[in-house]
Visitor: 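Shown below is the structure under consideration.
Because only heavy atoms are used, hydrogens play no part in the values below, and waters and symmetry mates are left out as well, while side chains stay in. Please read all numbers here as calculations on a predicted model, not as lab measurements. Proteins get letters first, then strands, A, B, ... in listed order; numbering begins at 1 in each.
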Amino acid sequence: MQSLSSSFYQRSTKQIAKDLLGKILVRKYKGKEYRARIVETEAYLGIKDKACHSFGDKRTPRTLSMYLEGGHAYVYLIYGMYHCLNVVTRSTKYPEAVLIRAAEPLIGFKDSGKKLLAGPGKLCREMKITKAQDGRYLSSKELMITDDGFKVKNSQIISCPRIGVDYAGKDKDLSLRFYIKDHPSVSCYFRK
DNA sequence: AGTGAGATGGCCT
DNA sequence: GGCCATCTCACTA
C-alpha cells in the first residue's frame with residue numbers, strides 16, 4: 001500500500017481537495033491500524049483567503065506547518081478540546097491546506113456507524129490524531145493517505161460554502177467545501 | 001427539527 | 001480578554 005506521491009500535493013489546492021474524495025486515510029497507533037475513506041474536504045487558500053489561518057502571511061507557531069512542503073500534516077487544536085487534520089498543499093511559498101472534514105469508517109473501529117467520523121473533530125478523536133502528528137509527513141509510518149482505486153465521478157462531487165467561517169467576510173461564500181453526493185458519512189447534508 | 005449553551009485551552013492583540 | 005475551520009446534550013414545539 002503506497003502513500004500518494006509528492007507530485008499529487010503540488011497541484012492546485014482546490015483540485016487536491018476534490019481529488020482527496022474517495023482516498024483512504026490510514027492511521028497506525030499503538031499497534032492498531034485504522035482505515036477510513038475520505039468523503040468530505042475543504043480547501044483553504046493561503047494568504048489571500050480570510051478564512052485561512054495563514055491569511056496575510058501570518059507565520060505563528062500554530063501555522064508554521066502550513067509553510068511546509070505539500071504532503072505534510074497540519075493539525076491544530078480548536079475550541080480547547082478538538083483537533084482538526086489538514087493536508088498541506090503546494091510548495092513552501094504557498095501556505096495552503098485541505099481540511100479533512102469527514103470519512104467513512106472501514107477498518108479498525110469498534111463502532112463502525114456511518115456517522116462515526118462525520119466531522120473534523122470526531123474524525124481526529126476516533127483516529128487518535130493530535131498535535132503529535134502536526135508537521136509530520138504523510139508517509140506510511142503513523143499516518144498516510146492511499147489510493148485503492150476507488151473512483152469518484154465529477155458528477156458525484158458537490159461543492160458549497162465552507163462551514164464555520166462566518167467571520168471571513170466575502171470569503172465565507174467561496175464554494176470550497178466538497179463532498180460525495182448523498183454519502184451517509186458526510187458531516188451534514190443541509191447547506192446551500 | 002431546530003435552537004442554544006457549555007466544555008475548555010492555546011493563540012493572538 | 002476574546003476568539004475560534006466543534007460536538008453534545010438539553011431544551012422548545
Visitor: Starting at atom OH of A:Tyr167, determine the distance to atom P of B:dC12, rounded to an integer number of angstrom.
Guide: 13 Å
Visitor: Measuring from the side chain of A:Ile163 (C-beta onward, heavy atoms only), which nucleotide among C:dT6, C:dA5, B:dG9 has the closest atom?
Guide: C:dT6
Visitor: Cation-pi check, A:Arg27 to A:Tyr34: give yes when NZ or CZ is under 6.0 Å from the six-membered ring centre and within 45° of the ring axis, no otherwise.
Guide: no
Visitor: Between A:Leu116 (CG) and C:dC7 (C1'), how many Å, whole number?
Guide: 13 Å
Visitor: Under the ring pair (Phe, Tyr, Trp, His ring centres under 6.0 Å) test against A:His53, which residue among A:Tyr44, A:Tyr67, A:Tyr76 passes?
Guide: A:Tyr76
Visitor: Distance check, rounded to the nearest 0.5 Å: A:Leu21 atom CG versus A:Arg37 atom CZ?
Guide: 11.0 Å
Visitor: Take atom CG of A:Leu174 and atom C1' of C:dA5, then tell me their distance rounded to the nearest Å.
Guide: 14 Å
Visitor: Return the minimal non-hydrogen interatomic distance between A:His183 and A:Glu104, and the atom names on each side.
Guide: NE2-OE1, 3.3 Å
Visitor: Which nucleotide in the set C:dA5, B:dC12, C:dT6 lies at the smallest distance from any side-chain heavy atom of A:Met66?
Guide: C:dA5
Visitor: Given atom CG of A:Leu64 and atom P of B:dG10, what is their separation to the nearest angstrom?
Guide: 18 Å
Visitor: Pull out every residue in residues 78-104 of chain A that has a heavy atom closer than 4.0 Å to any atom of DNA chain C, ordered by number, or say none.
Guide: A:Ile78, A:Tyr79, A:Tyr82, A:Asn86, A:Leu99, A:Arg101
Visitor: Considering only B:dG9, C:dT8, C:dT6, which nucleotide approaches the side chain of A:Lys122 most closely?
Guide: C:dT8
Visitor: Just the rounded figure in Å: distance from P of B:dC12 to NE2 of A:His53.
Guide: 10 Å
Visitor: For residues 119-126 of chain A, run the donor-acceptor check on the side chains, cut-off 3.5 Å, and write out each pair with its distance to 0.1 Å, sequence neighbours left out.
Guide:
from: A:Lys122; atom 1: NZ; to: A:Lys115; atom 2: O; distance (Å): 2.9

Visitor: Say you pick atom P in C:dA5 and the same atom in B:dT13; how far apart are they, in whole Å?
Guide: 14 Å
Visitor: Do A:Ile38 and A:Val26 belong together in a cluster built from hydrophobic side chains that touch within less than 4.5 Å?
Guide: no
Visitor: In whole angstroms, how far is the P atom of C:dC4 from the OH atom of A:Tyr44?
Guide: 12 Å
Visitor: Once you round it to whole Å, what is the distance between C1' of C:dA5 and CD of A:Glu40?
Guide: 11 Å
Visitor: Rounded to whole angstroms, how far apart are OH on A:Tyr76 and P on C:dC3?
Guide: 18 Å
Visitor: Counting only heavy atoms not in A:Tyr94 (residues, nucleotides, ligands), do more than 12 fall under 6.0 Å from its OH?
Guide: no
Visitor: Reckon A:Arg125 has a side-chain N or O less than 4.0 Å from the OP1 or OP2 of C:dT8?
Guide: yes
Visitor: Taking atom P in both B:dT8 and C:dA10, compute the distance separating them and give it to the nearest angstrom.
Guide: 16 Å
Visitor: Heavy-atom count around A:Lys181 NZ within 6.0 Å, excluding the residue itself: above 12?
Guide: no
Visitor: Could you walk me through whether A:Met1 and A:Arg35 pass side-chain contact (heavy atoms from CB on, under 4.5 Å), step by step?
Guide: CA-CA 12 Å; A:Met1 202 58 88; A:Arg35 285 175 184 258; 3.5 Å; yes
Visitor: Fill in the dot-bracket string of DNA chain C, one character per base: . for unpaired, | for a pair to another strand, ( ) or [ ] for pairs within the strand, taking Watson-Crick or G-U pairs under 3.5 Å.
Guide: ||||.|||||||.
